[in-house]
Every structure is written in structure tokens, then in C-alpha cells.
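Labels below follow one simple rule: chain letters A, B, ... track the order of the sequence lines, proteins then strands, and each chain is numbered from 1.
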Amino acid sequence: MDTAERLDLVTRYTDEVVETEELETLLAEGNPSVYIGYAPTGEMHIGHFTTIRKLADFLRADLDVTVLVADLHAHLDDEKSPFELLDARVKYYQEAIEGMVEAAGADPSDITFVRGMDYQLDEEYSLEMYRMAAETTIARTQRAASEVVRESDSPNLGGLIYPLMQSLDVKALDADIAYGGIDQRGIYMLSRELLPEHDHDKPVCLFAPLLAGLTGDKMSSSEDGSKVNLTDSPAVVRDKIDDAYCPMGDVEDNGVLEYVQYLVFPVLDERDESFVIERPDEYGGDLVYEDYQQLEADFESEELHPADLKNATGEYISDVIDPVRERLTDRPELLAEAYPESYE
RNA sequence: CCGCCCUUAGCUCAGACUGGUAGAGCAGUCGACUGUAGAUCGACUUGCCCCCCGUUCAAAUCGGGGAGGGCGGACCA
């Protein structure tokens, strides 16, 4: 595979690359390392899938892929995860992530999993963090973390340490590329400012789009109807998709279309299959799409009705998460121990 | 260490002065209308009123104590 092909593979379905030229250089020089961090807080959902699915692309482009399960971050961010629950949540996150990697058509054993506290308490790391704290203003730190860390009238200090540590993680994991959802942009822009002062190259940043919620607003992890959970049964998935905001002909802020674009088609593409929409004869009969653009065009022209789109999408989404759901329901103790409140 | 303020529905809060076991908005649920959803109508649901003790026929409300959170002061050899 030549550099142009790899570049295309690495960047497809992303929202932004900072900077493409830098990425191209990295790829031309060898096999760069990329990392993504997940703070094990709430239950994982289909939004995580869009970021994880791309790890399969990275592996195919011969990147060195590391997934950080950032346990300490999960606690630093307004104690989203109680300290005692970190172990259980790390276990659950790793299992869920491996399931999603597999569902995306890659081999989880090709990925290096790292747990935050395994190195974040090291003397060298700690000392460097203090030095970073000394040289960074509160305002700069807040601005960096504002999209990630929970907002509050009385913010905790942990939320300010959070972006500093995340920046340091790039160095500690020796990552050439920092990958994450576009919400992480602020933090990694800070990293690009800070790291050159700390003997590490500016990371190339790669951002995945954040899926719109199903209810018409931003996807909210606390609003159950706005997202599909990995453990949702096929019936629940269908219901959620059916309840989704989806105005006819409107391709903006349409959660259903985004699911189709960023989840269904990439996975179908991997399997070399097309998207089949079953439609009653009275409305024109079945439709078959080879790529998202065709589908979007038909939806925009109102040739494709939301009800038909929803029926098909519900099935495909359910199908995509099926192996992950099975993997998690096979080991119910993982969720039960990670979220004792919800699973008693 | 001292002082002041806050804690009521999933969320934001009203009610407290003038005791009679609770309300609004948003969210949610269900119908109607749409070949989906939303919007719009119509209906509905929601509560250890932070905890304990006391006063009282009766306490979210008054008194005392406690917990959690916020703000300020003091201390700065």
C-alpha cells in the first residue's frame, strides 16, 4: 500500500486532521503510532463505536495502535466514576472495546491496551505534570477542557489536571498521532502547544465526528433515547431508531442518516455488501444502495421516505452491534460490577 | 478556627416570614394528526421536601443537633 492509500484509509470518515502534511510525512517515513483514550465512566454506546471502528482502518494502514483506558481521568472529571469502581469499569471497558474492534473486522490482539494508572503515578510522569501545572494558566486549561470535562458552578481541581495529564499521555505513550472525537480538539491543541516544551513532537491530531443524537439534539450519554446502547436488544434498537427525529428530506442534523453514514456503510464496506431497504410495493418496492451518497441524495429528494429508512437502519444497526451485545451479555458480571447501581 | 447562605420531582427552581403532609417549567409516558420522528393539540405520571431529635392536634415550613455543598473572614512568625 502506498502512502496516498494509507493516508486515505487513515483519514476517511474523520472530521478533521491537524495537519494533513504532518500526517503524510509520518506515513512516508514509516509506521507511526496512534493512540486513543477512553475514560471509563458511563456505559459505552454506539457513539464510541464510530471512533473504535476506525481503529480497524489504522491497523490496515500498518499503524501502531494503542488504546488507553484512562481510569484516573474517569475519576478526575467530577468523580464521574467513584474511585472504588475504577477496576470494574476498566475491565468492562476493555471487554466492550475489544468487542467493538472485532465487530469492526479487526483483531483486538493487534492493539496495545494500557491502563492509565499503570504509568501515570510514576515519579517521572508526576514530576512533569507538576511542572506543566506551574507553566499553564487556569484559563488556558479550562478552555482546553471545556468540551470534555463536566461543567459546574463549582468546578473541581481535577478537571484542570485532566487536560494536562492527557497531554502528558501523548508523550508517555510515545504517540505520533492523537486520535479522538472532535470534542477532544481543545485538549489536543493544548498538547500541541505544551509538548514541544517537554521534549516531544507536536502530535498530529485526528478527530472523528460526534454523532448527532436520535432525538434531534446532540447525543447525550445521560439521555437514553438519544443513543443506542451496546446491550440494547434488537427490539429496543428498532424502537429507538423508530422514535428518532428524522424529518423527510432533511439531511442536516439527522441522527439516523449519521448512523447510516458512519456506522452502517463503513461496516458494509468492510464486508463488501450493499444497503438494502425493503419497501412495500405501494411505495415503489425495495431499494439497494452501494454507497452513502446515493442514499443521501434519494433521501434529500424525498424518493426515500424516513419510515422505510428507519426500518432498514434499525435492522442494520442491531446487526452491527450484535456481536458486541453477545459478548457483553455472556459476561453479565462485568456490567453488574461496573455499574452496581443500575444492575443491583 | 469564625461567620453567612444553600439542600424540595430525572433537571432548574417556587413554596418557608404568616405551620394544615407540595407546585411550576423542562423532561418523561399515552393518545390525536401525519406513511417515520418532530412540531401542534389533548390527557397523565413523578417526590424518605438532606438526616436525627424536639415544639405542636398538625412540621417542607418553627427550635436544636448533624451531614453535604457554596461564599467570606481570620491566621500569614
Q: Output all residues satisfying ring pair (Phe, Tyr, Trp, His ring centres under 6.0 Å) with A/F207, sequence neighbours left out; order by chain, then residue number.
A: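 Testing A/F207 for ring pair (Phe, Tyr, Trp, His ring centres under 6.0 Å), a comparison that skips the adjacent residues, returns none.
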
May I ask you to check whether [X] and [Y] place their ring centers less than 6.0 Å from one another?
X: A/F275; Y: A/Y316; answer: yes
X: A/F265; Y: A/Y289; answer: no
X: A/Y179; Y: A/F58; answer: yes

Expressed in whole Å, how much space separates the [atom1] atoms belonging to [N] and [M]?
N: B/rU18; M: B/rC53; atom1: P; result: 26 Å
N: B/rU21; M: B/rC6; atom1: C1'; result: 23 Å
N: B/rC4; M: B/rG66; atom1: P; result: 13 Å
N: B/rG73; M: B/rG64; atom1: C1'; result: 26 Å
N: B/rC49; M: B/rG3; atom1: P; result: 30 Å

Q. For RNA chain B, which residues in residues 300-314 of chain A have a heavy atom at a distance below 4.0 Å?
A. A/H305, A/P306, A/A307, A/D308, A/K310

Q.
At a heavy-atom distance below 4.0 Å, what parts of residues 234-243 of chain A sit against RNA chain B?
A.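 Of all residues in residues 234-243 of chain A, the ones placing a heavy atom under 4.0 Å from RNA chain B are A/D242, A/D243.
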
Q) Of all the choices, B/rA37, B/rG35, B/rU36, which nucleotide is nearest to the side chain of A/Y283 once you look at every atom? A) B/rG35

Q. If you measure from NE2 on A/H48 to CE on A/M100, what distance do you get to the nearest 0.5 Å?
A. 7.0 Å

